[in-house]
Structure formats: C-alpha cells, structure tokens
Amino acid sequence: MHCPKPNPTSRPPADRDARLNAGASAADATRPIVIRTANLVLRPLGAGDRALYVSLYSCRAVMEHVGVPLGVAAADRAFAAVLRQTTASPPRARYWSIRRRGDGQPCGLVSVVVDPGGMSAELGILLNRSAQRTGASTELIGSLLPHLAGDGLGWLWTRHLSGNSAAERLMARVGFERQTTADGLEYWRHGLQTGDRRGSDDPFAMPAYTG
C-alpha cells in the first residue's frame with residue numbers, strides 16, 4: 001500500500017478535475033495523537049524519524065510492491081517536505097512512525113493525507129520487512145479507523161500496485177471496497193460514517209467493483 005510522498009494535488013483518478021464539497025475541517029482531521037494497539041505504538045512523525053523514513057523509502061525490498069526506491073538524498077528531501085506539510089496551518093496530512101510495543105523498535109510509517117475539501121483522505125502504510133506478514137497492517141488500520149471517523153472524515157481511499165495479492169486480501173479484510181484500476185494501480189475506498197452513501201461529493205461516485 002502506498003504511503004504517499006508529499007503531493008498536495010494527489011487525488012483518486014475519478015476526482016482529478018472535480019471539487020470535493022467542504023465538510024470536515026482538515027485541521028480537525030490532522031490533529032496529532034498517539035495511538036496504541038495491542039502490539040504497536042503510532043506516534044506523530046517528528047524530526048527524529050528521519051533515519052526511519054529514509055531507510056524505508058530507499059530500501060528496494062520494502063519498496064518492491066510500492067514503486068521505485070528513492071535515493072538517500074531524494075528521500076531526505078521528501079522527509080523535509082513531509083514535515084513542512086504536517087506543520088502547515090492548517091496541516092494537510094498526518095504521519096506517524098510505527099513502533100513495536102515490546103521492544104520499541106521502529107518498523108514503519110502510516111500516513112493520512114487529506115484531499116482538497118477535507119471530506120476524504122488517502123491512507124498509506126509502509127512497513128519494513130520484519131513487520132510484513134505479521135498482521136501489523138490489519139491491527140493498525142483497525143485501530144486507526146475509529147479515530148478518523150471521530151475526526152469527521154467521510155471516507156478513506158488507498159491504492160497499491162495491481163497484482164499485489166497480499167494488499168488485496170488486506171483491503172478486503174479491513175472493509176475497503178475495490179473501486180477502479182488506473183495506471184497499474186488498484187484503488188480502494190472505505191466509508192467512515194454511519195449510513196455512508198455515495199453522492200456527487202464522493203470522488204468514487206460509481207458502482208463498487210465486483211469483478
């Protein structure tokens with residue numbers, strides 16, 4: 001699953017030219033909080049997480065199903081841009097470092113990047129090899145969703161490379177619906193609010209993919 005590098009214009013493919021209706025405050029949706037699960041601790045990303053960020057984005061094995069790994073200098077620049085994005089007023093994204101509760105070792109990143117209009121956001125997760133296939137993604141998504149729903153976001157969307165069967169199983173397991181395929185990527189959506197219905201303000205206003 002993509003943990004997006006800073007890109008304020010990133011949107012689902014069906015919403016590249018559409019405006020999202022204003023609703024939940026982007027500032028509300030990016031309040032820094034610490035989230036603890038049974039086995040993980042998510043802490044707001046800070047300057048001390050540079051080494052973690054660079055190591056993940058420059059690692060070929062970690063990026064195998066995400067995209068082309070960055071060089072160290074490019075990852076460094078991306079990290080600086082992420083910090084600017086999270087500390088903007090209002091902030092447009094929230095990033096966390098992921099650490100194991102048992103030994104405190106960092107094992108990944110999770111991001112929620114709010115779309116223009118403030119009603120939807122892209123979810124991204126990037127885990128090092130030791131945390132992959134351990135149930136960590138299922139655990140952290142399950143804990144994160146209620147927090148985001150409480151912040152007023154209407155829905156999340158995410159994407160991964162086509163053919164990544166592990167990501168497909170994860171998305172189905174945590175309640176995302178597959179929406180469309182574009183440019184070699186699979187796009188998924190999760191409604192966060194009770195009684196959620198698609199409408200004209202929904203970037204994925206189309207029937208759910210059933211193939």
Side-chain angles (χ1 to χ4, degrees), residues 1-12 20 22 24-37 40-101 103-132 136-137 139-141 143-145 147-148 150-153 156-160 185:
M1 185 193 305
H2 281 60
C3 194
K5 299 183 286 295
N7 179 5
T9 62
S10 177
R11 300 180 183 179
L20 291 171
S25 164
D28 288 344
T30 51
R31 287 184 289 110
I33 55 173
V34 175
I35 299 173
R36 291 177 173 84
T37 72
L40 304 168
V41 179
L42 280 63
R43 296 188 180 279
L45 196 73
D49 295 309
R50 173 193 170 279
L52 171 64
Y53 188 100
V54 172
S55 69
L56 290 170
Y57 275 102
S58 61
C59 177
R60 186 175 301 277
V62 170
M63 298 292 287
E64 179 181 2
H65 297 296
V66 178
V68 178
L70 299 178
V72 171
D76 225 358
R77 291 192 296 272
F79 178 70
V82 162
L83 291 186
R84 290 194 297 272
Q85 193 178 53
T86 58
T87 57
S89 181
R92 297 300 303 173
R94 193 194 310 179
Y95 283 73
W96 291 267
S97 65
I98 307 168
R99 295 178 180 271
R100 296 192 292 261
R101 291 193 72 164
D103 58 15
Q105 289 299 305
C107 59
L109 298 169
V110 60
S111 62
V112 175
V113 179
V114 180
D115 294 316
M119 281 296 292
S120 64
E122 180 180 8
L123 172 68
I125 300 171
L126 201 59
L127 299 175
N128 65 21
R129 298 289 280 184
S130 70
Q132 295 176 12
S137 292
E139 183 176 327
L140 70 88
I141 292 173
S143 296
L144 189 59
L145 292 179
H147 287 280
L148 299 177
D151 282 336
L153 279 174
L156 290 179
W157 62 278
T158 192
R159 51 185 166 157
H160 62 76
L185 295 170

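Here the structure is a predicted model, which means the values were calculated and not measured.
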* To do: Show the numbers, then the answer: is there a side-chain contact (heavy atoms from CB on, under 4.5 Å) between Trp157 and Asp115?
  => CA-CA 10 Å; Trp157 62 278; Asp115 294 316; 2.7 Å; yes
* Asked: Run the side-chain contact (heavy atoms from CB on, under 4.5 Å) check on Val110 and Leu123 step by step: do they pass?
  -> CA-CA 7 Å; Val110 60; Leu123 172 68; 3.9 Å; yes
* Asked: Which is it for Ile125 and Thr158 under the side-chain contact (heavy atoms from CB on, under 4.5 Å) test, yes or no, and what are the steps along the way?
  -> CA-CA 9 Å; Ile125 300 171; Thr158 192; over 6 Å; no
* Mind running side-chain contact (heavy atoms from CB on, under 4.5 Å) on Asp49 and Tyr95 for me, showing each step along the way? => CA-CA 11 Å; Asp49 295 309; Tyr95 283 73; over 6 Å; no
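With contacts defined as side-chain heavy-atom distances shorter than 4.5 Å, the pair Met63/Leu126 qualifies. Trp96 has its side chain out of reach of Val41: every pair of non-hydrogen atoms, C-beta onward, lies at least 4.5 Å apart. Side-chain contact between Leu156 and Leu145 is present, with heavy atoms from C-beta onward closer than 4.5 Å. Residues Arg43 and Arg36 meet the side-chain proximity criterion, which asks for heavy atoms closer than 4.5 Å.
For Gln132 (side chain) and Leu127 (main-chain N/O), a donor-acceptor pair under 3.5 Å exists by modelled atom type. Judged by distance alone, the side chain of Arg101 and the main-chain N or O of Leu40 form no donor-acceptor pair under 3.5 Å. Between the side chain of Thr37 and the backbone N or O of Leu140, no donor-acceptor pair lies under 3.5 Å.
To the nearest 0.5 Å, atoms SG (Cys107) and CZ (Arg99) are separated by 9.0 Å. Considering CG of Asn128 and OG of Ser55, their distance stands at 7.5 Å, rounded to 0.5 Å. Rounded to the nearest 0.5 Å, atoms CG (Leu45) and CG (Leu52) are 7.5 Å apart.
Between Val112 and Ala121 the shortest heavy-atom distance is CG1-CB, 3.6 Å. Between Ser143 and Ile35 the shortest heavy-atom distance is CB-CG2, 4.2 Å. The two atoms that bring Val34 and Pro44 nearest to each other are CG2-CD, 3.9 Å, heavy atoms only. When all heavy atoms of Gly46 and Leu83 are compared, the closest pair comes out as C-CD2, 4.1 Å. Pairing each heavy atom of Arg60 with each of Pro69, the nearest pair is CA-CG, 4.0 Å.
Residues meeting the salt bridge (charged side-chain N to carboxylate O under 4.0 Å, His left out) test with Arg50, sequence neighbours left out: Asp76.
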